[in-house]
Each structure stands twice: as structure tokens, then as C-alpha cells.
Amino acid sequence: VSDVRVELGDRSYDIVIGAGTLDEAPALLTRHQVGRRIFLASDPCVYELYGSDLEERLCRDGREVVHLLIPEGEKHKTLETVENLYTYLVAQRADRHSTLVAVGGGVTGDVGGFVAATYQRGMPFVQVPTTLLAQVDSSVGGKTGVNHKLAKNLIGAFHQPALVIVDTQTLASLPERQYQSGLYEVAKYGLIYDADFFRFFVDNLQAIIQRDPAVLEPMISRCCEIKAAVISIDEREQGLRQILNFGHTLGHALEAAVEYAGVTHGEAIAYGMLASLRLSRAMGLLDEATVDEVSAALLDIGSLPAAAGIPFGRLSDAMEHDKKRRDGHSHFVLLTEIGATLIQDDVDLALVAEAWQSAVVQAETATR
Ligand SMILES: NC(=O)c1ccc[n+]([C@@H]2O[C@H](COP(=O)([O-])OP(=O)(O)OC[C@H]3O[C@@H](n4cnc5c(N)ncnc54)[C@H](O)[C@@H]3O)[C@@H](O)[C@H]2O)c1
Ligand SMILES: [Zn+2]
């Protein structure tokens, strides 16, 4: 079991990572001063798989647990779902000392976190991420929120969890495509921050794809360490934290362009990263050999859904609504070498369009 500490003054917290950590959940909650009354949120599928066991275990430990079901899927990451949860909390007389425990993927974590951030101006919150993407990314860092129909994650709040429990055994039941999607975010950490970790990823890709328990814990821990290091320097995304958005300007635009259907978040940012590599090359920041090497590694993770039918205009429209725009400019995280980035605000849209097209062609060719 590894422990990664997120240093944020009096809001610091631990990420506990290992195989079977959920069995230790009651003791972990006690050690981290989580109160007796728990609202356990998950989607029906995850509740069935892990939530109900956890609920039982916590009840046996003398806690009072009420579970809340969040409908499954990105399309339910909405204010309507949030409102329904508030209603339930009011009906159950939840107060500011009750703890909301989100068990599931990034959707459950983001919705549950937003509810915890805002219900009675904030209640304690614990993340139990069960997708790879949530374990390496969304459960750490305190960003919570929901989508607006015009833009992703437009409504949100910062609310750090009190504890994150990662049980790597939960990944065993994750569908292949969801697991792969998380791997794109894993690769991202190496690319933006840690060349050695990127090498580890490439060298162990087969074991990683097979979910070999021997590589899961070190891999997830390193991702959490990197994210923790970045957010303890820049919690509110004033500067450094922006590097975590590598591939995300275009990735989020793609998700919005297809209305969050048919492409997972990880797949969308895989496209975004492929295009950003080419954009970095076109702007003279990155050499061709690195573009080829990194693109090949990303495409080795698995095949991507076709994106050729989506006109670039739909993406550029979506980018206009991106909340990360500043003074009318979308920012792009570019790569200067493996492990090093540069943030650029005034990128020529024609270059972006070109980079996008060639990324789409490249993904298509790799899939054939
Ligand atoms: N807050 C942040 O900092 C942050 C960062 C990255 C992504 N996100 C958000 O995370 C969301 C994507 O998260 P996601 O990829 O986890 O998707 P998700 O939450 O939709 O989960 C994907 C699917 O996997 C199922 N599932 C979850 N755990 C499982 C398990 N162990 N076994 C079998 N099935 C399981 C779920 O029921 C769901 O159908 C997006 O909304 C994205 O915006 C947030
Ligand atoms: Zn992401």
C-alpha cells in the first residue's frame, strides 16, 4: 500500500493506494476522522459491484450509511442530477457533519463532489475512485462540477476531499475501453512532467495493458504523486496546473462536438494529445522523432473511435465556449520534449486545424 500526501495546508489529505484497500475502509475513515453518518453515492453498476459491500462493511463498523444512486453516464453529469441529490439529502436530514463518499468513476466523483461542495456550503467528502481515469486524475485535486449543454464542466467548485481510497482490485471489472481511456491520462503525466515515467510506461505497456497487479500500484501512485505535486503548487490553476490540460483544449472540444457520446474522455484527450504533438512540431518546438515516438506509444494503447466525420468547425465552435479561454484566446499546452511543456495562448487556428486533420488521419491509419 502506498500513501501519497496532497499538501494543501489545513486542507491536506492522503491518497491511499493498493490492492484490497476497500477492506480497510472503516479503519481508514476512522483514522482520517470521518464522522459516523455517511452518504454513499455511486451509479447502479458500481453500487452493485463495490458500493453495497462497502456500505455493509461500514454499517458493521457502527456507521449509519445511506446510499444515493446517480444515473450512470456523462449525460447525467448535470444540475438536474445535482438537484435530485440535494432533495434526497434534505429528505434524509443530512447536515454539514455528514460525509459524502463517492464510489465510482469521474462522473460520480465530479457530481458527488459538487454536491458536497455546495450542500449547506460544504460537507466533508471522500473519494473512492473505481475507474483508472478517476484513480489517476479526477479524484485528486478538488475540481468538482457538472456540464452545461454548451460546454463541459462549466458549472463547478473547488472542494478538496478529506481522503481518497484507491483499491486497484476494482480495476479488474473495468471494461477494456474504460481502462484504455485511463491509460491515455497516465501517459499524459509522463509527457508533461516525468520522462522517466514515460519510459516506464512504454517499457511496461504490455503488463500495464494486462493490468498486471505488479505494475498497477506503482503506476497509479506515480500519477497521483505528479498530480499532487502540481496542485500543491497551484491549486486554482493560475499557472502550473494548466499543464495537466495537455491534450484537453481539443479533447474537450471533441467531447462537446459529439455531445459527450461515442467518445470517452480519455479517447478525446488522446486525439487532443496527438494533435498537440503535431502542433508543437509545426510551431518548431518539438522534433519530428519525438512526435513519431510518442504518437506510436499513444496509438499502441489501443484503437481510437473514428473522428474523421467530425468537421473541424464543430471543434473550433466548441473551443469558443471553453471556460479556459482568456481574453478570447484558447490556451494550448505544447510539448518541447518528453517531460517538458510550454503554454501558448495565441496559437494560429489554421495550424490547429492542420494538426487536428493529421492526427485524425494518423489514428485512422493505425486502426486499419
Ligand atoms: N475533476 C477532475 O479533475 C476531472 C479530471 C478528469 C476527468 N474528469 C471527469 O471524469 C469523467 C470521466 O470519468 P470516467 O472515465 O471514470 O467515466 P465514468 O464515471 O462515466 O465511468 C465510466 C463507466 O465505468 C463504470 N465503472 C466505474 N467503475 C467500474 C468498475 N470498477 N468496474 C466496472 N465498471 C465500472 C461506470 O459505471 C461507467 O459506466 C468526465 O466527466 C470528466 O470530465 C474530472
Ligand atoms: Zn482529463
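Remember, it's 1-based here, ligands and their atoms both numbered in the order they're listed.
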field: Option nearest atom 38 (C) of ligand 1 (shortest heavy-atom distance, choices E72, H76, K143, E48)
entry: E72
message: Does ligand 1 come near enough to T108 that some N or O of the ligand is less than 3.5 Å from an N or O of the residue?
response: no
field: Atoms in ligand 1 flagged as close to K77, the criterion being non-hydrogen separation under 4.0 Å
entry: 9 (C), 40 (C), 41 (O), 42 (C), 43 (O)
- prompt: Counting heavy atoms only, which of S138, S42, A102 comes nearest to atom 2 (C) of ligand 1?
  reply: S138
field: Nearest non-hydrogen protein atom, atom 15 (O) of ligand 1
entry: L133 CD2, 3.6 Å
Check: S173 N/O within less than 3.5 Å of ligand 1 N/O: yes
statement: Within 4.0 Å of some non-hydrogen atom of G106, the atoms of ligand 1 are 10 (O), 11 (C), 13 (O), 14 (P), 16 (O), 19 (O)
message: Are Y88 and V115 packed together at the side-chain level, in the sense that at least one heavy-atom pair is separated by less than 4.5 angstrom?
response: no
- prompt: Taking the Zn ion (ligand 2) as the center, what protein N, O or S atoms are found at less than 2.8 Å?
  reply: E185 OE2, H248 NE2, H265 NE2
query: Out of curiosity, L100 CG to L85 CG, how far, rounded to the nearest 0.5 Å?
result: 8.0 Å
statement: Quick look: V107 vs ligand 1, heavy-atom contacts under 4.0 Å, and the answer is both
query: Under a 4.0 Å N-O cut-off, is there an ion pair linking E288 with R281?
result: yes
field: L171, portion touching ligand 1 at heavy-atom distance under 4.0 Å
entry: neither
- request: Look at atom CD of Q120 and say whether more than 12 heavy atoms of other residues, nucleotides or ligands are closer to it than 6.0 Å.
  value: yes
message: Looking at E80 and K149, is any side-chain nitrogen of the basic one under 4.0 Å from a carboxylate oxygen of the acidic one?
response: no
- prompt: Under 4.0 Å between a Lys/Arg side-chain N and an Asp/Glu carboxylate O for E55 and R63?
  reply: no
task: Tell me which protein heavy atom sits closest to atom 25 (C) of ligand 1, plus the residue, atom name and distance to 0.1 Å.
output: V46 CG2, 4.4 Å
statement: Atoms of ligand 1 under 4.0 Å from any heavy atom of T170, numbered from 1 in the order shown, are 30 (C), 31 (N)
- prompt: When only distance counts, is E74 in polar contact with ligand 1, meaning an N/O pair under 3.5 Å?
  reply: yes
- prompt: Taking side chain as C-beta onward, heavy atoms only, is L8 less than 4.5 Å from Y13?
  reply: yes
- prompt: Considering only heavy atoms, does P175 approach ligand 1 within less than 4.0 Å through its side chain, its backbone, both, or neither?
  reply: side chain
field: Minimum-distance protein heavy atom relative to atom 9 (C) of ligand 1
entry: D110 OD2, 3.3 Å
- request: Test the R211-Y179 pair against the cation-pi criterion, namely NZ or CZ under 6.0 angstrom from the six-membered ring centroid and within 45° of the ring axis.
  value: yes
Salt bridge K75-E259, side-chain N to carboxylate O under 4.0 Å: no
Under 3.5 Å: N/O of D43 near N/O of ligand 1: yes
field: Ion pair check, R278 and E354, cut-off under 4.0 Å
entry: no
message: Are any of the N/O atoms on D137, whether in the backbone or the side chain, positioned under 3.5 angstrom from an N/O atom of ligand 1?
response: no
message: Checking the side chain of R57 only, and the main-chain atoms of L22 only, is there a donor and an acceptor separated by less than 3.5 Å?
response: yes
message: Does the residue K227 have a heavy-atom contact with ligand 1, meaning some pair of atoms that are separated by less than 4.0 Å?
response: yes
message: Could you identify the single nearest non-hydrogen protein atom to atom 43 (O) of ligand 1 and state the distance to 0.1 Å?
response: K152 NZ, 2.7 Å
- request: Distance to 0.1 Å, residue and atom name: give those for the protein heavy atom nearest to atom 21 (O) of ligand 1.
  value: T131 CG2, 3.8 Å
query: Looking only at protein heavy atoms, which one is nearest to atom 29 (C) of ligand 1, and how far off is it?
result: L174 CD1, 3.5 Å
message: Closer than 3.5 angstrom, by distance alone: can the side chain of D95 be matched with the main-chain N or O of S98 as a donor-acceptor pair?
response: yes
query: Does the side chain of H331 come under 3.5 Å of the side chain of Q344 through a donor N or O and an acceptor N or O?
result: no
message: Taking 4.0 Å as the limit for heavy-atom contacts, which would you say applies to N153 with ligand 1: side chain only, backbone only, both, or neither?
response: side chain
query: Is there a donor-acceptor contact under 3.5 Å from the side chain of Y271 to the main chain of P305?
result: yes
field: For L49, atoms of ligand 1 separated by under 4.0 Å from a heavy atom
entry: 32 (N), 33 (C)
Ligand 1 versus T130: contacting region, heavy-atom distance under 4.0 Å: both
message: Donor-acceptor pair, distance only, cut-off 3.5 Å: does the side chain of S139 make one with the backbone of A134?
response: yes
- request: For the residue pair H252 and H248, categorise the inter-ring angle as parallel (less than 30°), tilted (30 to 60°) or perpendicular (more than 60°).
  value: perpendicular
task: Could you tell me how the ring of F125 sits relative to the ring of H159: parallel (under 30°), tilted (30 to 60°) or perpendicular (over 60°)?
output: parallel
